[in-house]
Amino acid sequence: MRIPLRVIKYLLSSLILLTLFDLVATIYWISSGLATEANPILANAIEKSYIFFAIVKFVFAFTGIYLLDRFKTKRNKLIFDASVLMVLIYSCVAIWHLFGFFTCLL
């Protein structure tokens, strides 16, 4: 079954937005002293500076998104499945961030 390319583009666009939200939320939590970065590579980057952290996160995320976009026609079903999985994972991360924000408001 061939997945329409616009569906994959929508998933990748969602992934970009979720990545940006995760970046902002992570910086908020870490700068407020309420959390630490779970990814050891990004934890090392954030110790250097928030800008360096953002650059490293963007390089990792956008390299992955670029590769998914690049091969969407050749490996259509695989790219769709990987995109859905990544959107689900980042959606869970976003929900976790939102849960934390609302918990802090109470």
Side-chain angles (χ1 to χ4, degrees):
M1 178 172 109
R2 189 114 179 112
I3 308 298
L5 295 180
R6 64 177 156 54
V7 172
I8 295 173
K9 285 284 194 182
Y10 174 75
L11 289 167
L12 297 180
S13 297
S14 299
L15 193 52
I16 290 169
L17 293 175
L18 289 165
T19 300
L20 292 172
F21 177 72
D22 179 46
L23 170 73
V24 171
T26 299
I27 290 174
Y28 169 79
W29 290 120
I30 291 174
S31 67
S32 66
L34 297 172
T36 58
E37 174 59 51
N39 181 326
I41 295 169
L42 292 175
N44 187 26
I46 207 162
E47 288 176 10
K48 295 183 186 333
S49 77
Y50 294 129
I51 293 173
F52 185 65
F53 169 75
I55 291 168
V56 172
K57 185 162 184 71
F58 282 148
V59 167
F60 284 150
F62 290 115
T63 299
I65 293 167
Y66 169 78
L67 291 172
L68 290 170
D69 186 59
R70 173 88 167 83
F71 294 104
K72 69 184 175 292
T73 55
K74 294 180 183 175
R75 302 275 188 208
N76 184 266
K77 178 72 170 109
L78 175 66
I79 297 301
F80 172 77
D81 291 344
S83 299
V84 167
L85 177 63
M86 293 309 300
V87 167
L88 287 173
I89 290 170
Y90 267 92
S91 293
C92 290
V93 170
I95 290 167
W96 183 254
H97 284 305
L98 290 172
F99 176 76
F101 288 137
F102 289 120
T103 302
C104 285
L105 292 175
L106 299 176

Sidechain-backbone polar pair: Lys72 side chain, Asp69 backbone, donor-acceptor under 3.5 Å
yes
Donor-acceptor under 3.5 Å (Arg2 side chain, Thr73 main chain):
yes
Considering all heavy atoms of both residues, which atom of [X] and which atom of [Y] are nearest to each other, and what is their separation?
| X | Y | value |
| --- | --- | --- |
| Ile8 | Ile79 | CG2-CG2, 4.1 Å |
| Asp22 | Tyr90 | OD2-CE2, 3.7 Å |
| Leu34 | Cys104 | CD1-SG, 4.1 Å |

Relative to each other, are the rings of Trp29 and His97 parallel, tilted or perpendicular (30° and 60° limits)?
parallel
To the nearest 0.5 Å, what is the distance between CD1 (Ile3) and CG (Leu11)?
9.5 Å
May I ask you to test the Phe60-Ile41 pair for a side-chain heavy-atom distance under 4.5 Å?
yes
With Ser83 via side chain to side chain donor-acceptor pair (under 3.5 Å) - residues at least two apart
none
Side chain to side chain donor-acceptor pair (under 3.5 Å) against Asn76, all qualifying residues, sequence neighbours excluded
none
List for me each residue that meets side chain to side chain contact (heavy atoms under 4.5 Å, CB included) alongside Pro4, sequence neighbours excluded, and say none if there are none.
Arg6, Val7
Taking ring-ring contact (aromatic ring centres under 6.0 Å, His included) as the definition, give me every residue that meets it alongside Tyr28, ordered by chain and number, with sequence neighbours left out.
Phe101
Keeping to residues at least two apart or across chains, list the ring-ring contact (aromatic ring centres under 6.0 Å, His included) pairs with something in residues 62-83.
Phe58-Phe62
Members sharing Ile51's hydrophobic cluster (side chains within less than 4.5 Å):
Ile55, Val59
